[in-house]
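Computed from heavy atoms alone, side chains included, the values below leave out hydrogens, waters and symmetry copies. If you read the sequence from its start, that first residue is 1, and numbering goes on from there. The structure displayed is predicted, hence computed values, not measured ones.
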Amino acid sequence: MNMDLVLSPEFRGSNPQDAILVASNRDMRLEILLAIWLSGNGTEGGNLQGFMCFERSDHNFIPAYWPKFTGKAEKKGTVQTSKTGHGSQNRTVRPRFARSHTINIMSSEWANLPDLILSEIACCISVYDDFVIFGAVCKAWQRVYSMKKPPLSPRCPWLLLAEEKEQKNHTRVFFNVFDNKVYNFKLPELAGRKCIGTSFGWLLSVGIDFQMNLFHPLSKHQLSLPPHPYVWERYRNFELFPLDYGDIFLYKCVLSRNPWISGTHEYDRDCIIMVIYTNFKTLAFTRPGYKAWIDIKCDSRCFYDITLYKGKFYAVNNHGNVFVCHIDGDIVFIECITFCKEPEDYIQKYLVESSGDLLLVSRIREGPLEADEFINDDFEDDIEDVNIHEDESEEEQEQDQEQVREVGQEIIYEIPYVTTGFKILKLESSSEVKSKNEYNWVNVDSLGDQALFVGDNSSMSLSASSFNGCKANCIYFTDDNVDCYPNCLNGGGYDMGVFSVEDETIKQHYKGKSLSSFAPPVWYI
């Protein structure tokens, strides 16, 4: 078969192999590679064999078709130049596939694809689940799979369960709340470390060595971050345990983009890593390769959440005031754009970008929410009064006694707090005053097809229809009331569930127990 390979102007005068190195995007490189391979194999007509085992959808390959689907090309796999009525114009004609013309491919033919093409295909995969399917096609593909290991995120959120004390082989368990599947990974890198969920499949971890890392558990990629000077100077001369520090200095971590560039296999130095840290809950950021954190000076503190919205970081404090961070290099300017005083029972607040809107989500809890309440005299008197109510049955009194235990001078509760609901507001621009937008909040009664994921992670909004088993118009939450962990019988992890915005009911998403005093379950997204 004679195949005409007409390259774009920037490739003319180069041989195809050299053109691959300077192709502007991965789709173009893959097409050139496939064209070279086809011309060398003498493939005829519509029977394109290995080439035709891929179908495109939005510039991505659909792995589900790999083992069973091949098609007949409507156009041959050529790259050509065409002319239009507006003059000469270069364009790429991609092969198209007709599903009605299917043929069978022997497994031996799948293995004939060169490793270079397989590597390019592997780099086009965007989620971990598809990469696993890629490695299951045949032994040749498995070989490339074992060599690549790109840092990809799972297709849907997983729940990273708490570390089990009796686990000697450092196995960490991930649970898919949508299909109840369990995934076990040997991760000694996370042993004894507090983990915070970020995005793109990365976790922020910190241990008693005070070393902070961005760690990707599925690929084992690890990016070392500078220890924060506040933590290092305050604690380096003391021998501490996770219970002593795990709940006071690291609360949230948000990434501006994926810190790993798959095309160059390097870390992206333009990625901004922003955290809420210290017991004052203030803001700081760094970038890959930086030796220190950059503090963000602000009159406010006690921030509860941060999110990336329209290319900028937004933060909310305990009063519901929202701030926007303007970052230019290492220079940061932060301004308050709106105030939102909430009642006291709205304890935890989250900022979430959802369908192009910025949402303020307030979490309502009941129970002794502050650690100091466990040991004050008035609260202990209240406990005694509750236990001697004459109208309580003996069974109810026994249940109350089982839920309260006294340890030294502290009252330890088995379930000291519980989430009872959420309130959702949407930020809207109301007017423009002196070239600045004025904002207000409006109530949100429905999330539509969206599902929110909140807790000790980057707050996320995802399309529920994209995942089988995911419930739309719901909020999936984990236990992030870290100030109360020391006063819980076995640490945090009790207060988890799924809140329905429509009927305001709460159901469990994980029916087991997964508790920890410093690293309870978090969303892995």
Side-chain angles (χ1 to χ4, degrees), residues 159 161-163 165 194 196 241-252 279 281 302 304-305 318 342-350 361-389 392 395-423 454-457 475-499 505-522:
L159 189 65
L161 301 182
E163 182 178 9
K165 294 181 180 180
K194 176 181 175 68
I196 292 178
F241 297 94
L243 184 61
D244 298 315
Y245 77 91
D247 61 336
I248 65 171
F249 82 93
L250 193 58
Y251 295 88
K252 287 279 184 168
N279 55 339
K281 297 183 179 179
C302 198
Y304 276 3
D305 200 10
N318 58 323
E342 293 283 7
E344 292 182 0
D345 58 350
Y346 297 115
I347 302 301
Q348 182 67 40
K349 297 175 178 63
Y350 310 95
V361 181
S362 298
R363 182 170 178 171
I364 308 168
R365 290 191 180 103
E366 293 182 356
L369 300 172
E370 299 296 332
D372 291 341
E373 291 181 32
F374 288 97
I375 57 175
N376 68 50
D377 295 335
D378 293 338
F379 184 72
E380 290 184 9
D381 291 340
D382 291 341
I383 297 298
E384 293 175 0
D385 292 341
V386 168
N387 288 335
I388 61 174
H389 283 331
E392 281 190 343
E395 182 179 352
E396 289 175 334
Q397 292 184 31
E398 289 177 359
Q399 290 177 350
D400 289 336
Q401 292 173 358
E402 288 177 357
Q403 293 178 356
V404 183
R405 301 188 186 187
E406 186 172 347
V407 180
Q409 298 298 315
E410 293 187 345
I411 300 296
I412 302 298
Y413 260 62
E414 186 170 346
I415 304 179
Y417 51 86
V418 61
T419 296
T420 58
F422 288 84
K423 178 181 179 181
V454 299
D456 272 336
N457 60 282
I475 300 175
Y476 289 75
F477 61 93
T478 57
D479 191 347
D480 60 357
N481 197 8
V482 296
D483 293 330
C484 287
Y485 290 169
N487 298 97
C488 300
L489 184 60
N490 293 300
Y494 294 98
D495 189 23
M496 303 195 299
V498 185
F499 173 77
T505 59
I506 294 177
K507 297 181 180 180
Q508 290 180 309
H509 55 60
Y510 179 69
K511 296 183 179 180
K513 277 191 176 182
S514 183
L515 309 173
S516 172
S517 59
F518 70 102
V522 297

Please find the pair of heavy atoms, one from [X] and one from [Y], that lie closest to each other, and give the distance.
X	Y	value
Leu515	Asn490	CB-O, 3.4 Å
Pro521	Gly493	CD-CA, 4.2 Å
Tyr494	Cys488	CE1-CB, 4.5 Å
Met496	Thr478	CG-CA, 3.7 Å

### Task
Go through the steps for Tyr350 and Asp480 under the test side chain to side chain donor-acceptor pair (under 3.5 Å), then give the verdict.
CA-CA 11 Å; Tyr350 310 95; Asp480 60 357; 2.7 Å; yes
With a 4.5 Å limit on heavy-atom distance, are the side chains of [X] and [Y] in contact?
X	Y	answer
Leu159	His509	yes
Thr420	Arg365	no
Pro520	Tyr485	yes

#### Entry: Evaluation steps, side-chain contact (heavy atoms from CB on, under 4.5 Å), between Val498 and Ile506
CA-CA 5 Å; Val498 185; Ile506 294 177; over 6 Å; no
#### Entry: SB check Arg363 Asp495 (cutoff 4.0 Å)
yes
#### Entry: Cationic N near anionic O, under 4.0 Å, Asp479 to Lys513
no
### Message
So that I know where these two stand, are Phe422 and Phe477 an aromatic pair - ring centroids less than 6.0 Å apart?
### Response
yes
Between the main-chain N or O of [Y] and the side-chain N or O of [X], is there a donor-acceptor pair closer than 3.5 Å?
X	Y	result
Lys252	Tyr304	no
Ser514	Ala162	yes
Thr419	Gly421	no

### Query
Roughly how far, to the nearest 0.5 Å, is CD of Glu163 from OG of Ser516?
7.5 Å
### Query
About how many Å separate NZ of Lys349 and NZ of Lys423, when rounded to the nearest 0.5 Å?
10.0 Å
#### Entry: side chain to side chain contact (heavy atoms under 4.5 Å, CB included) partner of Leu250, chosen from Ile196, Val482, Asp456
Ile196
### Cationic tip of Lys281 above Tyr251 ring, under 6.0 Å, 45° of axis
yes
